[in-house]
Structures are given as C-alpha cells and as structure tokens.
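Remember, it's 1-based here, ligands and their atoms both numbered in the order they're listed. Note that these values count all heavy atoms, side chains included, but never hydrogens, waters or copies made by symmetry. Each residue takes its place number in the sequence, starting with 1.
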Amino acid sequence: MTAYVIADLHLSAEAPELTDAFRKFADTVSGDDELYIVGDLFNYYVGINPENPAHKAVREVNSSICSRGGRVYFIHGNRDFLLNRKDAHFFRMVLLNDVHQLVFGDMRILMVHGDELCDETVGYRCFRLFSRLSCVQCMFNTLFSYRHRIGMAQKMRAKSIKNFEAANYVRRMINPVKTLSFMKKYGVSVLIHGHTHNAEELRPDDRYLIVDTGDWTSSGFSFVKIEYGNATPGNNVVISLERRKISGR
Ligand SMILES: [Mn+2]
C-alpha cells in the first residue's frame, strides 16, 4: 500500500502539459493507494468552472482513482484556499484540515502546504487569517461574479510575480527553526510540505526528516512516496522522494 503526496501542480487551462502529466501520474495510483494533494493543485482558484479543461481533468482523474478503490485527499494551498468542501466533492476528493497527520504504528507524519512555515510578512499573515474565514469567502462568492473573481485573482498573481522578481527571484524557503518547533508541537518526526518548490529532503538531525514535495513544471515533477505494509505498518514505512521527467522533453 502506498500513499503519494504531491503539491504545487498549478494546473490551468494555459498549461495542458501539466494536466496530461497529472493524468498519467494518476494511473500509478492503484486501488489500495491514497493520493494526498497538499495545496496549489490549481494555479488559482475562484470557484468551479466546468468549462475549464483543468477542472474537467481533475474531476475525471480523481473519479477514476476512486472508482478503482483509491482515495484522494486535498489540503488547501495559498492559491486554491477558496476550494470548499462542496467543490472538493465535485472534484472527487476529501478536503482535509490545513494540518493533517498520518499515523503508521508509532510513526507519525505531518502534512501541510507550507506557507505557514515560511517567514511571511505581517500583511500576508493577516490576509491568510482573514481570507480563510468561511463568512468572508461566502461574501466574496456572493458579491462578485465568476468573471470578476477571476480578474481579481489574476491581479493578485501579477502583483505576486512582480514582488518575486523585485526580490531577484530569491529562492523561497521554509524557516527551519519555525518548522522544527512546529513538528515538536505535534510530536512528529516527519513533515511533508509543498509551497517552496524545491524537491529535497532535509535532516536537521537524526530524529527529524523534512521533505519538500517539489513542484510540477513543463519539464518534470516530483512526489513523495510513502510505502507501508499491511500487518505491522509502524515497522516498515519507507519514505522516498521521486522525480519524473515529462516525456517528450
Ligand atoms: Mn503555495
């Protein structure tokens, strides 16, 4: 049995090669397996659009995983936090809390998107808190049309890209001190996160493992594979970070 963890696919109508890669990758998820998408599945998300090929594909792909007995779970990223429980149902996935724990015997693995592990500005922290309130989201969806919401999301994306460029493309990183104290608070030895787009394993010391799932681009993608046995799951959990090239590149 295997649990796959992926993040930062950034699917959109403009990047069909990523949607195709997701489709192919999903074929490896068998009936005994679980797929965890830990945020930023979509490049931006302001509601279901049945005409959007990325939305259609996610629904189809997840439906096919579910129909063979597999399960798909989703944790919000900073780009798709507006995806609510009803939307998750449409996409055939189960919406989890922002912090989720997997327990295999005595091994506990924490999963988060990862933006909360970075050094964010006070402004972003306030925005994150405010924008995740369901009453605010409900108001946003009621007050503005889908087209209007798309426009606002695109403006926010443009501003974020400009800020990233202004900072000279500084590599996004988690704060290791914050991350360790986060892990200690939850009493876990393993943490898997996305958001920072660097597929890598960090071992602050022998007791802790921090894995960045990496992202999906037109040249390739990465994912975390957690293999666990049936009988004594705590004793034989194997965690690996795997990379794949997108064929044709
Ligand atoms: Mn993110």
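Taking the six-membered ring for Trp and the full ring otherwise, the centers of Phe221 and Phe22 sit at least 6.0 Å from each other. For Phe42 and His55, the ring centers sit closer than 6.0 Å to each other.
Under a hydrophobic-cluster definition in which Ile, Leu, Val, Met, Phe, Trp and Tyr are linked whenever side-chain heavy atoms come within less than 4.5 Å, directly or via other members, Phe223 and Leu191 are assigned to different clusters.
Of all protein atoms, those of element N, O or S that lie under 2.8 Å from the Mn ion (ligand 1) number 4.
Ion pairing between a basic and an acidic side chain is recognised when a charged N comes within 4.0 Å of a carboxylate O; Lys178 and Glu116 show no such pairing.
Screening Asp215, Asp115, Asn78 for a side-chain hydrogen bond (donor to acceptor under 3.5 Å, both in side chains) involving His195 leaves a single residue, Asn78.
Closest approach of Asp27 to Arg68, counting heavy atoms only: CA-NH2, 3.8 Å.
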